[in-house]
Amino acid sequence: MIIVLKPNFSEEQLQHICQKIEEMGFRYELSRGVQRTLLGVIGEEDELRNAPLKAIAGVEDVLSVLKPFKLASREFHEEDSVFELGHGVKIGGGSMALIAGPCAIEGPEILLEIAKEVKAAGANVLRGGAFKPRTSPYSFQGLGEEGLKILREVGDETKMPVVTEVMDPRQVDLIDQYTDILQVGARNMQNFNLLMEVGKTDKPVLLKRGMSATVQDLLMSAEYIIAHGNKQVILCERGIRSFDSSTRNLLDLAMVPNVKGLSHLPIVVDPSHATGRPDLIPSMALAAVAAGADGIHIEVHSCPEKAMSDGPQALLPNQFTELAKQIQELAQVFNKKVATTP
Ligand code: PEP
Ligand code: MN
């Protein structure tokens with residue numbers, strides 16, 4: 001249920017409305033937009049429908065949201081959400097994130113080398129996994145806390161906010177100490193305990209679409225995080241499973257404008273994991289910009305053949321440099337900008 005406040009509501013009226021909602025046993029989230037201020041009331045729809053919310057002074061309208069996701073919905077927050085990622089980088093509402101780096105953090109020298117290259121090319125967020133969700137238990141699992149320290153140091157040295165994956169609710173506190181953005185990977189999109197835990201932090205969460213997740217599943221997972229207190233959810237399309245093995249996954253670009261209509265949350269597209277093919281990544285990255293993405297996420301490695309994870313899909317720094325230039329140029333066509341870091 002969404003309460004639309006009258007344009008000229010007073011702060012006393014707002015306080016009174018919030019108090020009434022709590023007295024009725026419901027929770028609420030406030031959304032102050034440029035045009036309107038809204039309250040998302042959370043509780044059983046049937047009970048809410050019968051509550052006399054419209055009778056309270058300052059209330060203009062009470063709308064029933066039929067979609068199962070509410071706080072993530074466009075109805076609740078009309079304008080695009082914009083989040084600060086660190087070092088002056090924003091995502092959403094015309095600001096684009098260009099997230100780049102290796103799949104896994106492999107050591108301080110190699111990460112610094114890649115970070116300097118992607119930064120010089122125009123990336124504004126550095127990525128790297130310290131805890132890796134590998135299909136095989138015998139594959140490299142990541143450097144763990146050592147990797148987090150390296151990522152933090154390299155991010156500080158190159159003045160870029162950093163993002164790294166958290167796989168387990170028990171790791172959230174540790175990873176939160178080192179990172180600017182918490183990544184929830186495709187394999188954990190419906191790890192509800194993890195979603196609740198990252199929902200208690202104050203860091204933006206990059207929520208990747210599960211490989212068999214519908215758009216609604218993704219938005220419901222975002223709803224989990226927001227309902228637990230963290231509004232800063234960044235959605236990520238990284239390809240879904242299909243019958244065709246010619247690409248690693250199937251990039252669902254239509255979901256970008258689709259989700260934009262349904263939700264106010266920013267969306268990043270990851271053509272690296274979606275295609276798994278360096279020859280397809282540039283065109284799919286540019287198509288994602290044209291589709292309305294708020295960010296592009298690309299894996300880059302200076303020596304893909306030696307990479308300890310996802311080497312075959314990594315772009316070389318010079319390939320990334322060329323692509324970053326094209327992304328920036330195309331972004332301008334859509335009145336968007338990839339912010340530069342200091
Ligand atoms: C990654 O970003 O390295 C990763 C494992 O991504 P995904 O969860 O999309 O597979
Ligand atoms: Mn990867």
Side-chain angles (χ1 to χ4, degrees), residues 97-106 110-111 114 118 123 125-137 139-144 147-148 150-151 161-168 171 175 179-191 194-195 198 204-213 215 217-218 221-222 225 233-242 247-253 255-256 267-278 280-281 284-285 288 293 295-316 320:
L98 184 51
I99 307 168
C103 183
I105 299 152
E106 299 166 355
I110 180 81
L111 187 66
I114 298 168
V118 297
V125 180
L126 177 66
R127 67 146 282 140
F131 293 93
K132 295 300 306 172
R134 303 306 298 278
T135 303
S136 166
S139 300
F140 176 58
Q141 305 283 313
L143 294 180
L148 296 175
I150 296 170
L151 182 65
V162 298
V163 57
T164 196
E165 178 162 355
V166 53
M167 294 199 294
D168 186 310
Q171 294 169 336
I175 297 179
T179 196
D180 300 297
I181 306 161
L182 293 157
Q183 176 173 321
V184 173
R187 291 155 193 81
N188 274 308
M189 191 206 81
Q190 285 189 317
N191 179 340
L194 179 61
L195 300 178
V198 297
V205 177
L206 182 67
L207 177 65
K208 295 188 112 185
R209 180 180 184 178
M211 33 197 121
S212 306
V215 163
D217 291 338
L218 174 64
S221 290
I225 300 171
V233 182
I234 302 162
L235 306 169
C236 180
E237 164 61 33
R238 46 78 70 205
I240 46 177
R241 277 269 160 91
S242 90
T247 55
R248 184 175 177 182
N249 290 290
L250 184 70
L251 179 59
D252 177 11
L253 273 184
M255 80 77 93
V256 177
I267 311 171
V268 165
V269 172
D270 169 0
S272 298
H273 292 89
T275 67
R277 285 178 44 182
L280 305 181
I281 291 168
M284 290 303 97
I296 304 292
H297 173 286
I298 310 252
E299 285 188 348
V300 178
H301 201 287
S302 45
C303 188
E305 63 183 50
K306 286 199 190 144
M308 293 167 93
S309 170
D310 281 350
Q313 71 190 30
L315 287 193
L316 287 162
F320 177 72

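Just follow the structure's listing: the first ligand is 1, and inside any ligand the first atom is 1. Sequence positions, counted from 1, serve as the residue numbers for this chain.
With hydrogens and angles left out, the side-chain atoms of Asp310 and His273 include a donor and acceptor closer than 3.5 Å.
For the pair Ala186 and ligand 1, the shortest N or O to N or O distance falls below 3.5 Å. Considering backbone and side-chain atoms together, Asp270 places no N or O closer than 3.5 Å to any N or O of ligand 1. Of the N or O atoms in His297, none lie within a sub-3.5 Å distance of an N or O in ligand 1. The shortest N or O to N or O distance between Asp310 and ligand 1 is not below 3.5 Å.
With values rounded to the nearest 0.5 angstrom, Leu148 atom CG is found 5.0 Å from Phe131 atom CZ.
By the 4.5 Å heavy-atom criterion applied to side chains, Pro204 and Asp180 are not counted as neighbours. A 4.5 Å side-chain heavy-atom check between Leu218 and Met189 finds at least one atom pair inside the cut-off.
Distances from atom 2 (O) of ligand 1 to the heavy atoms of Arg127, Glu165, Glu237, Met167 show the closest one on Arg127.
Residue-ligand proximity: Cys103 is placed with a non-hydrogen atom under 4.0 Å from ligand 1.
The backbone N or O of Pro133 sits nowhere less than 3.5 Å from a side-chain atom of Glu165 that would complete a donor-acceptor pair.
Inspection of the environment of the Mn ion (ligand 2) yields the following protein N, O or S atoms under 2.8 Å: Cys103 SG, His273 NE2, Glu299 OE2, Asp310 OD2.
The existence of a salt bridge linking Arg127 and Asp270 is excluded, since no basic side-chain nitrogen approaches an acidic carboxylate oxygen closer than 4.0 Å.
Among the candidates Leu235, Val215, Asp217, the single residue satisfying the side-chain contact (heavy atoms from CB on, under 4.5 Å) test with Arg209 is Val215.
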